[in-house]
Each structure stands twice: as C-alpha cells, then as structure tokens.
There are 2 protein chains.
Amino acid sequence: MARSCDECGVRDRALCASLGDDELVTLGRLGVQRRLARGDTLIRAGDPPLVCANLQSGVMKIATLTPAGTESIVGLLYPGDFIGRPFATANEHDVIALTDVELCVFPRAMFERVLADHQRMEHLLLQRTLAELDRARRWLTRMGRATAAARVAGFLDDMGRRLAMPDCQRSALAGPDSQRSGGVARSMAYDLPLSRGEIADLLGLTIETVSRQMTRLRAAGIIGLPGGRGIVINDPSALAAAAEEYV
Amino acid sequence: MARSCDECGVRDRALCASLGDDELVTLGRLGVQRRLARGDTLIRAGDPPLVCANLQSGVMKIATLTPAGTESIVGLLYPGDFIGRPFATANEHDVIALTDVELCVFPRAMFERVLADHQRMEHLLLQRTLAELDRARRWLTRMGRATAAARVAGFLDDMGRRLAMPDCQRSALAGPDSQRSGGVARSMAYDLPLSRGEIADLLGLTIETVSRQMTRLRAAGIIGLPGGRGIVINDPSALAAAAEEYV
DNA sequence: GCCGGGCATTGATCCCGATCAAACCGCCCG
DNA sequence: CGGGCGGTTTGATCGGGATCAATGCCCGGC
C-alpha cells in the first residue's frame, strides 16, 4: 500500500493527475488509505454520501437491489476511477468490492471544497462523467436489444479490453499474457473479477444462461475456460462480432 | 420564439441560470435561435460534435442505431435540458426532435470556452451530468430486470411526473390538467410525445407488446386512452406500484 | 362521400431465456 | 480418505414477449 501520493500507482491516471506536486501534498493529507476485502461495502444506497474515493487497485461494482430482491449491477469501477456522488443528498447505488481493493478515501464535503478550489480537477471530473454517461448509454442499448449471446460476448470483450489497459497490470488479478499490437487484436488470458452470478446480475440474465452462452463460445473455439474464473480469448475479432448480434 | 434571453422561457432553468444578467448578454450574442420540426436531426452519431444547445421547448430523443438496424432510445430531453457532448471527438448518439422544438444553439468550441470562463456554469453542468448518470443507471436496472408491464407502467409514470413539472406547461404539448397536491398524487392527463414505436424503442420491447400492456392498464382502470397519443392517469399510485414488478 | 396510407390494436403461434432440477467440481476440513 | 459446501455446468420444461398476420381507426385528399 502506497504511503504517499508519489508511490500511488494511479497518481497520473486518477483525478489527482490534474494537480501539481505541491497541491498533491495538501490533498494527500486529506485522504486516508483504506483496504477493503472482496464483498465489503464502501457506499450503501440510501445513505447520505459521506465519502468520495479514488480506486487504486482491484475492481468494484455499482449496484442496486431491485424491488424483487435481486441485485442489478449498473457499472464497474477499475483502478484510477473516481468513486462517489458529490453534491447529492443520498447515494443512489451501492458500491461494493468485487476483489480485494485499495482506496484513497476523502470526506465528501472536503472533496467538494477541493473541487471548488481546483478548477482543473472539476474540469477533469466533468469530462470523465460525460464519458461515463456515454458508456452507460451504450450499455443501455445492449440491455435493451442484444441477445443473451451478444451480451455475454460483449461483456467478455469489454472486460478483456479493460484489463489489457496499463493500470490493471499491477492489480490483484492475473495480468493479460499478451497484448494488442499494431491494431490487430491478439489472444489474451485473464481472470474474471466477477462470479457467474454477478455476471448474470450485470447482464440482466440468469446464471444458467450465462454459463450456457460461455460454453457455446468455448465450443465455437472463440474462448477457452481453463477453470475457475479464468478466461482465454482465442479469437478476439470473432468475439467482437458475436457481441453485435442484436435483435 | 424568444428574441432575447430575457424572454427565454427556460432562462432560470437552463445552464444559463448560473450567469448574471450582464454575462447573459454576452452569451446571448453567441447563441442562435433555431426551430426544428418533429423528426429533424440536430446531432448525428459519428459526426464530430459541432454544436451544443439548450432546449427551450418541446421534447427530443437521444438514440442509436443498433447493428441490426433497429433504433434504441437511450434518453429523452425536456425544456431546460442541455444538449451536446463537449470535449468529445465524436458524437456517440443521435439527437432528434420528437415534437417541434425550439433551441438555443452554440458552436461547441465557443461553448467550451464559455465553460472555462464561467466556473459556476461548469459546476452546474457537472451536477446535472452526475444526476443524469444516476438517472441512466436507474433506467439500466429497469432494462435489465423489469417485466414488460413494469417498463410500460414506469415509463407512463415517469413521463407524467416530468410533464407535470413547470417548464413543460408552456410547451407544444397539452399541459397536465391537474397536479399533485400536498404529496398526494392526483389524476392527470397529457399527450405522449412519442409514438408506440418510439416507446418500444425506448423500452426495448416491440410495438405489439407496448400496445398490449397499455390496454391491460386501461382494462385495470389505472389509465385511460382517449385516443391518439392521449393518456389519462386515473390511479397514479397503482401505476407506480405496477412499475415495481421486477423479476 | 369514398378511398388510401399511417399508426394502433388484436389474435395465433413460435422461440429464447427463465425456471426447476440434478449432477459435477474443486476445495477446505475433519 | 471421505464428506460437505459453494459455485458451475448440464438437462428438461415452461412461459413471456417476439413474430407473423389480420383488422381497426383516424385523418387528409379528392
């Protein structure tokens, strides 16, 4: 666990990238390092928003309990991502660790003051939030019209791309063992941070359907399932194509 | 159509609410008033983002064409809403008029400069974007797990609430003929700005299913369908309850 | 009036994914 | 080594919503 911001693995990827070294010292004093174990809850829906945070390592989920009691996952958080809902009166969603995670946590009121004082940081947060909104809306069209096969393929594709990004290399997960080179997607392997049940919650499917679609993709030679949560993407372009199967 | 910002119906509801009267004059010179007819496209997915705008009256949709060619609607825009995607290199979605609309349009680069100069406006945009993200995520859980009945009920409920808000009173739509008073929801009537097909695109259903669910709600006495696009909500609390039918 | 076209409703049937049910597979612990 | 337990896979059946098809309704043009 990083002692100071200098050692922070996401120093130039998180919102803090908008700060100079001197400002960072000030912010560093406000934030406290925290570890959460897999399954721990950082933020609970309905509670007043007490904290904001930067995710340093691991993966978290943004989720809600539906009236029927099943959980719906509406987003995932990766290293470097900002967590929390400044300016709100209540949290809309739970934020829960999918793996063991490391966080840099700030009291919300204090964080809002920092935002007001550092226009570049507020600006960066705006850009990210706009991008996140686009991403949520892309997800929305997938939830609206994609078949079960396309949802699973799209999920595996997205996850592969995300975990291939540099800031996930040093995370608790097994790193991808190969990379995209020269625009051509090469095969890669990684461990899913989610259980089958969580994937089902994310995709609006059941565990059984997720499992069946995965075995279909394996039977087609597109992916390998070495056991546990391991995934091998043998044919990334076929996977991407499978993700386009819309109604 | 308003000649100046003073006459603008959404002056204190749009992003401009963050500006003083003097600043408003400057901004007013940058913006140009535009009318669009029902069905006209303001922004096309894939194009570089040339414009931002404030919606003054009418309703618009944010939509994408799926690989299969059907349209998926990922959001609606009402009077006072901000339109556009500053800081992006390409538009992710189409923005299309559902009714005749009035807009106040700005060149994007110019609008970005205004944001940089007016921290309060950028702040307001951030707050709205965060709220919009929450709304998109709430929608996401509905798309993931709600039954067809709950989707339709939820849509009618949301639309009723939105059109009951003050800034829609003077729009091209028939205004609601009664209001919620003292926290108790009263019956109301309005005209839907969307066709059955558009509702289907929004909810990830087919036209036939939307139609059937509406007749079910009418048969239950919860709503009335006076013809055309008219909607009468007889029993708002029953409608809200029907919107909670999740898997 | 009468026709024609666009949208909405209603009906019949089909199919994908949910549900119910039963193995199967590590993995930890005795 | 056996047994139990959580998670995953596989199988059989069911049902909600899609699909295919026909009819109805409204409105505008002539």
Side-chain angles (χ1 to χ4, degrees), chain A residues 37-39 66 68-72 98-99 142-156 191-220 223-232 242 245-247, chain B residues 37-39 66 68-72 98-99 142-156 191-220 223-232 242 245-247:
Chain A
R38 162 161 216 278
T66 66
T70 57
E71 188 175 57
S72 171
L98 286 173
T99 64
R142 188 171 278 166
M143 294 297 270
R145 291 245 119 95
T147 61
R151 290 183 200 204
V152 172
F155 164 71
L156 293 176
D191 277 358
L192 286 169
L194 294 81
S195 70
R196 294 290 186 272
E198 285 162 339
I199 297 172
D201 288 340
L202 180 67
L203 301 179
L205 301 171
T206 58
I207 292 181
E208 296 93 321
T209 301
V210 171
S211 181
R212 272 185 254 270
Q213 294 303 331
M214 289 222 181
T215 44
R216 262 185 78 248
L217 287 170
R218 187 190 48 188
I223 64 170
L225 297 169
R229 295 181 171 195
I231 290 283
V232 184
E245 268 181 41
Y246 276 65
V247 184
Chain B
R38 162 163 217 277
T66 67
T70 57
E71 188 175 57
S72 169
L98 286 172
T99 62
R142 188 171 278 167
M143 293 297 268
R145 292 245 119 93
T147 61
R151 291 182 200 205
V152 172
F155 164 73
L156 293 176
D191 277 358
L192 286 169
L194 293 80
S195 70
R196 294 288 186 273
E198 285 162 340
I199 297 171
D201 288 340
L202 180 67
L203 300 179
L205 302 170
T206 58
I207 293 180
E208 296 94 321
T209 301
V210 171
S211 180
R212 273 186 254 269
Q213 294 304 332
M214 289 224 182
T215 45
R216 261 185 78 247
L217 288 170
R218 187 190 49 189
I223 64 169
L225 296 170
R229 295 180 171 195
I231 290 283
V232 184
E245 267 182 42
Y246 276 64
V247 185

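Hydrogens, waters and symmetry mates are skipped; everything else that's a heavy atom, side chains included, is used.
- Between B:Thr215 and the phosphate of C:dT10, there is a side-chain N or O to OP1/OP2 separation shorter than 4.0 Å.
- We find that CZ of B:Arg229 is positioned 15 Å from C1' of D:dC25, with the value rounded to whole Å.
- Along DNA chain C, the nucleotide nearest to B:Arg218 and the one nearest to A:Ala146 differ in position, and the one closer to the 5' end is contacted by B:Arg218.
- Atom pair A:Met143:CE and C:dG17:P shows a separation of 13 Å (rounding to whole Å applied).
- Relative to the side chain of B:Thr206, the nucleotides C:dT10, D:dT8, D:dA18 differ in distance, and D:dA18 lies closest.
- For the side-chain contact (heavy atoms from CB on, under 4.5 Å) test with B:Ile223, the passing option among B:Val232, B:Leu217, B:Val152, B:Thr215 is B:Leu217; the others fail.
- Counting heavy atoms from C-beta on, the side chains of A:Phe155 and A:Val210 never come closer than 4.5 Å.
- Using a 4.0 Å heavy-atom cutoff across all strands shown, A:Arg145 reaches no nucleic acid atom at all.
- Residue B:Arg212 places none of its side-chain N or O atoms closer than 4.0 Å to OP1 or OP2 of C:dT9.
- Two residues, A:Val210 and B:Leu225, neighbour DNA chain C, and the one matched to the more 5' nucleotide by heavy-atom proximity is B:Leu225.
- Look at CD1 on A:Ile207: it is 14 Å from C1' on C:dG17, rounded to the nearest Å.
- The distance between atom CG of A:Leu194 and atom C1' of D:dG7, rounded to the nearest whole Å, is 14 Å.
- A:Ile207 and A:Gly197 get closest at one heavy-atom pair: CG1-CA, 3.6 Å.
- Phosphate contact (OP1/OP2 of D:dA18, side-chain N/O of B:Thr209, threshold under 4.0 Å): present.
- The CD1 atom of B:Ile199 sits 9 Å away from the P atom of C:dT9 (whole-angstrom rounding).
- Between the P atom of C:dC16 and the CD atom of A:Gln213 lies a distance of 11 Å, rounded to the nearest Å.
- In the interface, the side chain of B:Glu208 is paired with the base of D:dC20 through a donor and an acceptor atom under 3.5 Å apart.
- Regarding A:Leu217, its CG atom lies at a distance of 15 Å from the C1' atom of D:dT9, rounded to whole Å.
- Side chains of B:Met143 and B:Arg151 form a contact here, defined as non-hydrogen atoms less than 4.5 Å apart.
- In the interface, the side chain of B:Glu198 is not paired with the base of C:dC7 through any donor and acceptor atom under 3.5 Å apart.
- Using a 4.0 Å heavy-atom cutoff across all strands shown, A:Leu205 reaches sugar-phosphate atoms only and no base atom.
- Side-chain contact between A:Leu192 and A:Glu198 is absent, with no heavy-atom pair separated by less than 4.5 Å.
- You'll find that the side chain of A:Val247 is closest to D:dA18, out of C:dG17, D:dT9, D:dA18.
- Between B:Arg216 atom CZ and D:dG16 atom C1' the separation is 11 Å, expressed in whole Å.
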